[in-house]
Chemist: 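Got a structure here, written out as C-alpha cells. Questions coming.
As the structure lists them, so they are numbered: ligands from 1, and atoms in each ligand from 1.
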Amino acid sequence: MFNFNLYKENLSTDYFGQSIRYYPILDSTNNKAWDLVSENTDNGAIIITDNQTKGRGRQSNKWISIQERSLTFSIILYPNAVPNQINLYSLIAGLAITDCLIENNIQAQLKWPNDILINGKKVGGILCESKVSGGVIKSMVIGIGLNVNEKITDIPLELCNKATSLQIESGKQYQLETLLANILNRFEQRINTRDTNSQLLDWEERCAHLNKKVTFHTGNEIVTGIFKGLRSTDQAILIVNNKEVVFESGEII
Ligand code: BTN
C-alpha cells in the first residue's frame, strides 16, 4: 500500500508528482497515463501502481514487475517543445534515476539509449511515448520501471545474468515512496537548471560503454564499433572501420 505521507514529505518539486494517481493494480501505468492525458490531467501528474500486470517495454518487449517490490510509474508532461526534444526527456529521466542511485552509494550506469545498469546488469528502463502535432510535442508519457526490492528468486532464471535489483546489488531494502520522490525532485531540477549540452556530458560520464567496443542493432543491420558518445540527444557516434558513423536509432546488444 502506497504511503502518501512519506511520499509528500520527501517531494520538493513545483509540479513533478504534485498530482498523483495511485492504483493498487493496473495493466500498465503508461496505458493509464494516456487515458488521463485524454482527460487533460495536470502537467507533471504521475500514475503509480503497486502491481503492474502487463508492463510494456521498448520495442514491444514485456516489462515484468513484482508486486510492492518494483517501482513502476509514469509521468505526464505537455512540453510544447520541438519533436527532437523527445529524447532529451528520456536521457534526463535516466540521469535523474542514476543521480538518486549514486546518492545512495550505488554505482549505477547508463546504456544507450536509456537502460539503467548496475554491475553490467539491467536494473531499470524508460519507455518514453509522445504525441506530436503541428510540429510540437503536445503530450508525453514517460514510463519508468526500476527493480528495487526484488530478491534473486524474483528474477526469472533466464534473466539472472542480465537483470538485477537494488536490493540484490546492495543487500539493502529501500522505501519506494522516498525513491520515487527523489527521482522526481532530480528530474524537475535537471529540466529547470541544466542545458542540453551539460546533460549530454553528464550522460557520457555515466555511460557504461564509452570508448568500448559495442555491437549495435539498427534496422536490419548489426554493426560493431567503438562507442564514442552522443552528438545530440538522439545521435550516438560509433567508430566503425576507422570511420565515424552516426546512429539515430538502434540498440546495443
Ligand atoms: C525498457 O527498458 O524496455 C523500458 C521499460 C519501461 C517499463 C515501465 S514500468 C512503468 C511504465 N509502464 C509500462 O507499461 N512501462 C513503463
Chemist: Do me a favour and list the nearest non-hydrogen protein atom to atom 9 (S) of ligand 1 with residue, atom name and distance?
Modeler: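 That would be Gln52 NE2, 3.3 Å.
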Chemist: For Thr29, take its heavy atoms, then give the atoms of ligand 1 lying under 4.0 Å from any of them.
Modeler: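 Going through ligand 1 atom by atom, the ones under 4.0 Å from Thr29 are 10 (C), 11 (C), 12 (N).
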Chemist: Considering distance alone, does some N or O of Arg56 sit under 3.5 Å from an N or O of ligand 1?
Modeler: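 Min N/O separation from ligand 1 is below 3.5 Å for Arg56.
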Chemist: Do other residues, nucleotides or ligands put more than 12 heavy atoms under 6.0 Å from Lys162 NZ?
Modeler: no
Chemist: Side chain, backbone, both or neither: which part of Ile144 has a heavy atom under 4.0 Å from ligand 1?
Modeler: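 Just the backbone.
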Chemist: Taking atom types as modelled, find out whether Thr13 and Gln18 have a side-chain donor-acceptor pair closer than 3.5 angstrom.
Modeler: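 Checked: Thr13/Gln18 side chains pair up, N/O donor to acceptor below 3.5 Å.
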Chemist: I need the minimum non-hydrogen distance between Thr72 and Ile48, along with the two atoms involved.
Modeler: O-CG1, 3.6 Å
Chemist: For the residue pair Asn51 and Thr53, confirm or rule out a side-chain donor-acceptor distance under 3.5 Å.
Modeler: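 No, Thr53 and Asn51 have no side-chain donor paired with an acceptor closer than 3.5 Å.
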Chemist: Give the atom numbers and elements of ligand 1 that come within less than 4.0 Å of a heavy atom of Gly55.
Modeler: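 Result: 14 (O).
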Chemist: Ignoring hydrogens and geometry beyond distance, is a side-chain donor-acceptor pair present between Tyr15 and Ser19 at under 3.5 Å?
Modeler: no
Chemist: Is it the side chain, the backbone, both or neither of Asn31 that has a heavy atom closer than 4.0 Å to ligand 1?
Modeler: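 Looking at Asn31 and ligand 1, no heavy atom falls under 4.0 Å.
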Chemist: Can a side-chain donor-acceptor contact be found between Asp195 and Ser198 if the only test is distance below 3.5 angstrom?
Modeler: yes
Chemist: Flag Trp63 as yes when one of its N or O atoms lies below 3.5 Å from any N or O atom of ligand 1, and as no otherwise.
Modeler: no
Chemist: Does some non-hydrogen atom of Asn61 fall short of 4.0 Å from ligand 1?
Modeler: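 The answer is no: ligand 1 sits nowhere under 4.0 Å from a heavy atom of Asn61.
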Chemist: Is NZ or CZ of Lys131 both nearer than 6.0 Å to the six-membered ring centre of Trp34 and within 45° of the ring axis?
Modeler: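 Output yes; distance and angle both within limits.
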Chemist: How far is atom 2 (O) of ligand 1 from its nearest protein heavy atom, and which residue and atom is that?
Modeler: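 The closest heavy atom on the protein side is Lys122 NZ, 2.6 Å.
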Chemist: Can you tell me the protein heavy atom closest to atom 3 (O) of ligand 1 and the distance?
Modeler: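 That would be Arg58 N, 2.7 Å.
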